[in-house]
Amino acid sequence: MITVENLSKRYGSTTAVSDVSFTVQPGSITGFLGPNGAGKSTTLRMLTGLTPPTSGTATISGKRYADLPNPGRVVGVMLDAAAQHPGRTGRETLALNASVLGVPKSRADEMLEAVGLSGAAKRRVGQYSLGMRQRLGIASALLGDPAALILDEPANGMDPEGIRWMRGLLQDFAARGGTVILSSHLLGEVQATVDRLVVIGGGRIVANGSLDELLAGSGTLVRGLDPIALNQALTAAGLSLEPLQDGALRVDATAEQVGRAAAAAGQILLELRESDSAGLEELFFQLTTPTAVAA
Ligand SMILES: Nc1ncnc2c1ncn2[C@@H]1O[C@H](COP(=O)(O)OP(=O)(O)OP(=O)(O)O)[C@@H](O)[C@H]1O
């Protein structure tokens, strides 16, 4: 389990992270979401002992990272895949990490295989694409067979196939009881992978819950042939709504209520469904606006 309690970090007059608390349970994948500059990397760096907190504590399996005797055997970390030594081959990178961790060198080849890099094992990392470096970073994080994974923007630079592959790998890891936290500034990138979300904006946690909880209450998405007339009809029927950027409306009501109100006003609908990604997108947007952060 990963536990973050009242964690804060100030740089001079800048508060990067302010009183952040959350837990990540075994058997789950938590998405740590927020726009650029929200405080994700700083939080993950404090969690992994790279940045000392100004106040608060962060523990993995009950211990601060710095107090873990062989941290790589407890938690696999990938914070900056692009930072790997460009002159080493993939195999050399993992073999070196394996010896630091005290695991057999054969584990390096196993992990290269597991992340689909066997064919590139003898190529220098400098020639790897960013997506390949992310795969290598994940292989490195998995070397010590840890119970937890902490990954900063692991989908960055990965193509859709790579993201699908990573999703399968992380879901298998969690299904075996592993604990995973991964950060992203793009909801769509992680929505199908995670089962919980911790959303950070302006250094503060603005939402924390299961994906289902956060999706519930996001209402109904409706799109009409005449969006303005549909908006007026639903508003006149007493439904509260907000227009989305693409002309659809997100309505705080069930699909049946929306359908009935539209039918009563003779409006032609092109789309009517429970609001999922669009609703979450909107939620994410709202939660990370400065007003929401200040609230
Ligand atoms: N070493 C530092 N010195 C001063 N300010 C910093 C330092 N590291 C981070 N910050 C500031 O702290 C805030 C949070 O940054 P952080 O990198 O944690 O955000 P992030 O959510 O990871 O964003 P990104 O997705 O862009 O990496 C930003 O305002 C950033 O400028």
Side-chain angles (χ1 to χ4, degrees), residues 2-24 29-60 64-66 75-84 129-131 133-134 136-138 140-141 148-159 162-163 166 170 180-191 193-194 196-209 211 214 280-295:
I2 293 172
T3 307
V4 170
E5 283 176 299
N6 308 110
L7 209 55
S8 295
K9 180 69 186 180
R10 278 192 298 278
Y11 292 105
S13 59
T14 306
T15 301
V17 171
S18 179
D19 198 23
V20 160
S21 300
F22 61 85
T23 58
V24 184
I29 306 177
T30 293
F32 190 35
L33 278 176
N36 288 332
K40 304 179 297 294
S41 298
T42 305
T43 303
L44 298 184
R45 289 177 62 83
M46 289 192 280
L47 198 45
T48 51
L50 292 169
T51 295
T54 304
S55 58
T57 54
T59 59
I60 301 156
R64 290 186 321 134
Y65 186 90
V75 57
V77 178
M78 182 180 73
L79 293 188
D80 187 0
Q84 296 167 83
S129 67
L130 181 53
R133 289 185 205 200
Q134 298 280 28
L136 187 64
I138 291 172
S140 187
L149 284 176
I150 297 176
L151 311 171
D152 199 4
E153 302 265 1
N156 192 13
M158 276 196 180
D159 58 17
I163 293 179
M166 190 178 61
L170 296 180
V180 184
I181 180 165
L182 59 96
S183 75
S184 177
H185 60 282
L186 294 174
L187 252 181
E189 209 171 62
V190 297
Q191 198 179 333
T193 305
V194 305
R196 296 190 65 83
L197 282 177
V198 173
V199 185
I200 186 166
R204 291 178 185 276
I205 301 299
V206 290
N208 179 359
L211 202 58
L214 294 178
L280 191 55
E281 202 78 52
E282 195 64 20
L283 170 84
F284 182 57
F285 176 75
Q286 285 170 10
L287 289 174
T288 51
T289 53
T291 1
V293 171

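Both counts, for ligands and for their atoms, begin at 1 and track the order of listing.
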J.: When you measure from the side chain of K40 to the backbone of G34, do you find a donor-acceptor pair of N or O atoms at a distance under 3.5 Å?
T.: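 Yes.
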
J.: Looking at side-chain heavy atoms only, is the closest gap between I200 and V20 below 4.5 Å?
T.: yes

J.: With no hydrogens and no angle check, is any side-chain donor or acceptor of T15 less than 3.5 Å from a backbone partner on V17?
T.: no

J.: Numbering the atoms of ligand 1 from 1, which are under 4.0 Å from a heavy atom of E153?
T.: 25 (O)

J.: Do any nitrogen or oxygen atoms of K40 come within less than 3.5 Å of a nitrogen or oxygen of ligand 1?
T.: yes

J.: Number the atoms of ligand 1 from 1 as they appear, then name those within less than 4.0 Å of a heavy atom of P35, with their elements.
T.: 21 (O)

J.: Out of G39, G201, A16, who is nearest to atom 11 (C) of ligand 1 when you count heavy atoms only?
T.: A16

J.: Starting from atom 15 (O) of ligand 1, which protein heavy atom do you reach first, and at what distance in Å?
T.: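 Protein heavy atom at minimum distance: T42 OG1, 3.8 Å.
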
J.: In the protein, which heavy atom is nearest to atom 5 (N) of ligand 1, and how far is it?
T.: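 It is Y11 CD1, 3.4 Å.
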
J.: Could I get the full list of side-chain contact (heavy atoms from CB on, under 4.5 Å) partners for N6, not counting sequence neighbours?
T.: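 If we apply the side-chain contact (heavy atoms from CB on, under 4.5 Å) test to N6, skipping adjacent residues, the hits are D19, S21.
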
J.: How long is the span from the CG atom in L149 to the CD1 atom in I29, to the nearest 0.5 Å?
T.: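 Answer for the CG-CD1 pair, L149 versus I29, is 9.5 Å.
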
J.: Identify which of G37, S184, G203, S41 has a heavy atom lying nearest to atom 14 (C) of ligand 1.
T.: G37

J.: Is the closest protein non-hydrogen atom to atom 30 (C) of ligand 1 under 4.0 Å?
T.: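 For atom 30 (C) of ligand 1 the answer is no, since every protein heavy atom stays at 4.0 Å or beyond.
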
J.: Judged by non-hydrogen atoms, does S183 sit under 4.0 Å from ligand 1?
T.: no

J.: Is H185 touching ligand 1 with its side chain, its backbone, both, or neither, if touching means heavy atoms under 4.0 Å apart?
T.: neither

J.: Donor-acceptor check, side chain of T48 to backbone of L44, threshold 3.5 angstrom: yes or no?
T.: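 Here the side-chain-to-backbone pair exists.
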
J.: Closest approach of Q134 and N156, non-hydrogen atoms and distance?
T.: NE2-O, 2.7 Å

J.: So, is N36 polar-close to ligand 1, with some N/O to N/O distance under 3.5 Å?
T.: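 Between N36 and ligand 1 (N or O atoms, distance only) the closest approach is under 3.5 Å.
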
J.: Is it the side chain (CB and beyond), the backbone, both or neither of R45 that lies under 4.0 Å from ligand 1, heavy atoms counted?
T.: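 Answer for R45: neither.
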
J.: Who are the ring-ring contact (aromatic ring centres under 6.0 Å, His included) partners of Y65, not counting sequence neighbours?
T.: none

